[in-house]
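Within every chain, numbering begins at 1; the chains are lettered A, B, ... in the order of the sequence lines, protein sequences first and strands thereafter. Note that this is a predicted model, so its numbers are computed, not measured. These values consider heavy atoms only, across backbone and side chains, with no hydrogens, waters or symmetry-generated copies.
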Amino acid sequence: MKTKKFYVTTPIYYPNDIPHVGHAYTTIVADVISRFYRLNGYDVFFLTGTDEHGKKIQEAAEKAGKKPKEFVDELIPKFKDAWKKLNINYDRFIRTTDKDHEKIVQEVLQKVYDKGDIYFGKYEGLYCVACERYYTEKELENGNCPIHKRPAILLKEDSYFFRLSKYQKKLLELYKKNPEFIFPESRRNEVISRVKEGLRDFSISRTSFDWGIKLPFDKKHVCYVWFDALLNYYSATKENGYWPADAHLMAKDIVWFHAVYWPAMLMSAGIKFPKRLLVHGYWTFDKEKISKSRGKIINVDELVSLTKNSDSVRYFLLRDIVFGEDGDFSEKALIDRHNGELVNKLGNLISRVSGLIEKYGLEKCENLLAKKMNIKKFNELIKNYEFDKALNEVFSFIDRCNEYVQHKKIWETKNKKVLYELADSIKIIAILLYPFIPESCEKIAKQFNFKINFKELKTPLKISKIQKGEHLFSPVEYKKEDKQKRDKGLQKGDKENLQKNVNNEKINKQVLIHKIMEGIAEVDFSDWQKIDLRVAQIKEVEEIPNADKLWKLKLDVGELGERTICAGIKQFYKKEELINKKIIYFTNLKPRILKGVESQGMLLAATNSDHTKVILISPIDNNAENGMKIS
RNA sequence: AGCGGGGUAGAGCAGCCUGGAGUGCUCGUCGGGCCCAUAACCCGAAGGUCGUGCGGUUCAAAUCCCACCCCCGCUACCA
């Protein structure tokens, strides 16, 4: 009989990152899944790795005075060490610089090119001349380069594009036919509704740097990010037969690429799709977004050092949140679970039972206690990725065991049969928990003399000499009183008290709302001063593809030069009506990209409540000069 | 602005899809028990207008529908 295969992946990580709680979570989940399926007799292949190409790496390497390959070679151990610390048992660590990967990427590129799904065009992006690089809207600060504080300009570059737009229908069919393709469902719905809005072709090559895989049909170009990166999943298993993947693990930020780009690429190349994308949320740290710049990053070393136990970290991350949703990591939360659940419940149970057995011994009997553990339910929960609930099942069984010791008063009765039931139950607990906390479970197995596999679950534990041994987990003291946190708590409490007082005094809610509204509506003069309004003249009016409400306007703002904005007035004003008109322009509104065009501010217009009427505001006197300030 | 997620006891959550007494979990608080165990473990108690609407559907709403308020996230050629 052929054993069933199971192939699970993590995303490949950017090697210049420090492995932090987010990376750790994804990778641990993949490890838990792979260990679980292995225990169940599947032939598992577990892939992780790094994404090593691209301009950023090239630049970082130059800065360090190294060749890119040399540079990344030095970064890889950081990830491998992190995974070792967390007991991640992967089968291959793929690097996009691996020769077999590069070869396969080129093969696929050629296939897709031959099919006519790649065409030559121009890439347009926001470019800082001083840095000689493109920035994304997010990276820019008010449209300015974060380093040079000067505006980024729109620049064009030769590039090859992948015809993503061609695959809209086929993708929608894929989602419809395979509802399980994207998990959880909310993500699936999100993707579907966005794909329905239409797809834009995406650029797959660059000529502005050369640290990447060369396009087989044009050696001047190197393959750019996603096309190269996504293919790792396929290239790692093309030869060994594990493809298609059963589960791609990832955080929600890269769902779009995996749910849209990836299957479209595979369709084009005539390759089978992966079966499932497992999408999880973000981890915050003390309720704040994890970011390097704000110093809110918690790396794997720190993570493990908090409880000095990698199993605690693995346990915490899987137990604390519902898979798919966002979670908050805090030292206190980790330590609370470590002490409360691992030390006091599991550790203590092992300790007291092994101690009693050492003193009184065992006598075989039927394990009635085991009926309280629903193994079938546990398995179902894991197969549905409900790790928190699965762990809860085991931990309530641990509670039942602790209760059993208590109620049976073993220290008085010295009942060897009851002790046997407990020992056999501990065997069950350790086997079930093994995918989550492998190191501790192996210790238990050694202490109680059984093997960790699913067959042993049903095989009664054989009698052997059991000794008390060392503690599985040591309690950790949580010391620091975070001032900030206390302050936050106070504020929150105050707000609630206020609300309660308000209710008690039975103030008319309408009056209250009115008062609040007034408070919000009041603006300090200093707030007003932040707003820069100017007279501007409309110089050009252009269409934007696929935009039925927007005009792209070029404005002459006098001393501020020329600016481009997108204005939602297409339905109200014709081109001719706008050209050369003087308007009032809000210059320092945060720029944003609308339909692919950066809008650097907005114009002022009057509008009625349902927005069916829009009237431009214009200086009453036509000799108002461009760039004049409104104050 | 659009889309998604959330608002349940002092704190953190689950329950909602598939309606059935506010059910459950963890921490904290209070009382008791036990002495095998890592100051652990066991039993019990207090504590909630389930964001708002005396909103709608229903015999029945935390759960389904509608409106509103507040928080958080995402908005694609970015690792």
J.: Taking syn as any angle within 90 degrees of 0 and anti as the rest, which one fits B/C54?
T.: syn

J.: Please report the distance separating the P of B/A62 from the corresponding atom of B/U23, rounded so that it comes out in whole Å.
T.: 11 Å

J.: Stem ranges for RNA chain B, with three or more consecutive Watson-Crick or G-U pairs under 3.5 Å?
T.: B:1-7 with B:69-75, B:10-14 with B:23-27, B:29-33 with B:41-45, B:51-53 with B:66-68

J.: Under 4.0 angstrom, heavy atoms only, what part of the nucleic acid is A/Y13 near: base, sugar-phosphate, or nothing?
T.: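 No contact at all - A/Y13 keeps every heavy atom at 4.0 Å or more from the nucleic acid.
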
J.: Step through it carefully: locate the ring centre of A/Y315, locate the ring centre of A/F436, and say whether they are under 6.0 Å apart.
T.: no

J.: Tell me which residues in residues 408-422 of chain A lie within less than 4.0 Å of RNA chain B, going by non-hydrogen atoms.
T.: A/W411, A/E412

J.: Among side-chain atoms of A/T97 and A/E52, is any donor-acceptor pair under 3.5 angstrom?
T.: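 There is such a pair between these side chains.
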
J.: Would you please indicate if the ring centroids of A/F93 and A/Y13 are separated by under 6.0 Å?
T.: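 Distance test on ring centres: not under 6.0 Å, no.
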
J.: Look for any protein N or O under 3.5 Å of an N or O in nucleotides 41-47 of chain B and output each such pair with its distance, or none.
T.:
unit_1, atom_1, unit_2, atom_2, d
B/C41, O2', A/R352, NH1, 2.8
B/C41, O2', A/Q406, OE1, 3.4
B/C41, O2, A/Q406, OE1, 3.3
B/C42, O2', A/H407, NE2, 3.0

J.: Tell me whether the centres of the aromatic rings in A/H258 and A/Y233 are closer together than 6.0 Å.
T.: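 Aromatic pair counts; centres sit under 6.0 Å.
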
J.: Tell me yes or no: between the side chains of A/Y167 and A/D117, is some donor less than 3.5 Å from an acceptor?
T.: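 Checked: A/Y167/A/D117 side chains pair up, N/O donor to acceptor below 3.5 Å.
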
J.: Quote, to the nearest angstrom, the C1' distance that separates B/G73 from B/G31.
T.: 45 Å

J.: Answer yes if the ring centres of A/F202 and A/F161 are under 6.0 angstrom apart, and no otherwise.
T.: no

J.: A/F257 vs A/Y261 aromatic rings, parallel, tilted or perpendicular, using cut-offs 30° and 60°?
T.: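 Ring orientation of A/F257 relative to A/Y261: perpendicular.
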
J.: Which part of the nucleic acid, if any, lies within reach of A/G355 when heavy atoms closer than 4.0 Å are counted: base, sugar-phosphate only, or nothing?
T.: nothing

J.: Take atom C1' in B/C36 and the same atom in B/U18, then report the distance between them in whole Å.
T.: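 Pairwise C1' distance, B/C36 against B/U18, rounds to 46 Å.
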
J.: Distance check, P atoms only: B/G19 and B/A60, in whole angstrom units.
T.: 15 Å

J.: B/C42 and B/C54: how far apart are their C1' atoms, nearest whole angstrom?
T.: 46 Å

